Amino acid sequence: MTNAQKSYSHQTSEFGLSNEGIHLLRNNYNYKTISFLTITHMEIKEGKDLKNWLFVLSLGFALLAFALYDMYQIYGIYNDPGTYKIYIERLLVPFFPMVLGGYSVVIALRNSTILTFESEGKSYHLTLRALSKNNVMDEFTRELRSNYPGLFVNQNT
């Protein structure tokens, strides 16, 4: 059976769960399997969807700051009596950084249920948003607990 044909009891775009362990996925292909025997700590809790959310948030704020600064520059050009023509391209320059910056801020601040675990000295951060959306979190937690009895589930989730 190839990796593409493997069936998982629960699957998201990032990982699949089976009795062997947690299978990390890219484009629905298993690129790494983490056995339950190698996991030292596992927890389900509420948290940020992104692992590097602070970096994405600061990038979003930087893009928004640039867009606001550029709009201020355009306002100065507009109020200059020596300016007779403002090209549409110049007006669109702050639009894309503003949209991208706003999107970055929104996804950086988004919270959901996440699965964090440590294995062989490396920590993993996986979002469970798709499982929550499909209302299968209880089944997922039960199966995960049967394979890894030391699972800690935060009561706020």
Side-chain angles (χ1 to χ4, degrees), residues 1-72 89 91-157:
M1 184 182 292
T2 65
N3 290 338
Q5 297 170 336
K6 191 170 207 60
S7 73
Y8 305 109
S9 57
H10 296 284
Q11 182 176 350
T12 69
S13 61
E14 294 180 6
F15 72 95
L17 181 68
S18 74
N19 290 335
E20 298 172 27
I22 298 173
H23 305 270
L24 302 180
L25 305 175
R26 281 191 193 123
N27 297 326
N28 289 328
Y29 286 96
N30 179 17
Y31 72 91
K32 185 173 185 180
T33 300
I34 300 164
S35 171
F36 288 115
L37 299 174
T38 64
I39 295 175
T40 56
H41 175 74
M42 184 181 293
E43 182 177 2
I44 294 177
K45 61 184 179 180
E46 284 291 318
K48 299 291 182 195
D49 245 356
L50 298 176
K51 184 174 185 177
N52 299 323
W53 69 273
L54 198 56
F55 173 74
V56 175
L57 183 67
S58 61
L59 182 68
F61 281 140
L63 286 168
L64 287 173
F66 169 76
L68 290 173
Y69 173 76
D70 200 43
M71 286 192 298
Y72 177 74
E89 294 88 0
L91 296 175
L92 287 176
V93 168
F95 175 74
F96 295 109
M98 181 168 285
V99 169
L100 188 61
Y103 178 71
S104 297
V105 168
V106 167
I107 65 166
L109 294 176
R110 185 170 62 182
N111 287 328
S112 73
T113 307
I114 58 170
L115 171 67
T116 58
F117 61 93
E118 295 175 13
S119 174
E120 298 172 343
K122 189 171 179 185
S123 66
Y124 297 89
H125 177 105
L126 303 171
T127 181
L128 303 176
R129 178 178 289 279
L131 298 176
S132 293
K133 227 177 197 182
N134 294 335
N135 295 322
V136 293
M137 277 300 297
D138 291 335
E139 296 171 29
F140 174 77
T141 305
R142 248 190 320 273
E143 183 172 342
L144 201 55
R145 195 169 261 147
S146 71
N147 288 313
Y148 187 80
L151 174 67
F152 177 74
V153 179
N154 194 337
Q155 298 303 318
N156 297 334
T157 57

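What you are looking at is a predicted structure, and each value in this text was computed from that prediction instead of being measured.
- Between Y8 and H23, the ring-plane angle classifies as tilted under the 30° and 60° cut-offs.
- Between atom OH of residue Y103 and atom CG of residue L64 there is a gap of 14.5 Å, rounded to the nearest 0.5 Å.
- Between N19 and F36 the shortest side-chain heavy-atom distance does not fall below 4.5 Å.
- The backbone N or O of V136 lies less than 3.5 Å from no partner atom in the side chain of N134, so there is not a single donor-acceptor pair.
- Looking only at distances, a side-chain donor or acceptor of S9 sits under 3.5 Å from a matching main-chain atom of L17.
- For the pair L25/Y31, no side-chain contact is recorded, criterion being any heavy-atom separation below 4.5 Å from C-beta on.
- Put simply, the side chain of K48 does not reach to within 4.5 Å of the side chain of L54, judged on heavy atoms.
- Side-chain contact check for L100 versus F96: every heavy-atom pair is 4.5 Å or farther apart.
- Using a 4.5 Å cut-off on side-chain heavy atoms (C-beta onward), F15 and I34 make no contact.
- Rounded to the nearest 0.5 Å, atoms CG (D49) and CG (N111) are 8.0 Å apart.
- Among residues at least two apart or in separate chains, salt bridge (charged side-chain N to carboxylate O under 4.0 Å, His left out) pairs with a member in residues 61-70 are D70-R90.
- Screening S132, S112, S13 for a side chain to side chain donor-acceptor pair (under 3.5 Å) involving T127 leaves a single residue, S112.
- Judged by distance alone, the side chains of T113 and E46 do bring a donor and an acceptor atom under 3.5 Å apart.
- Taken to the nearest 0.5 Å, the CD1 atom of I114 stands 10.5 Å off from the CG atom of L50.
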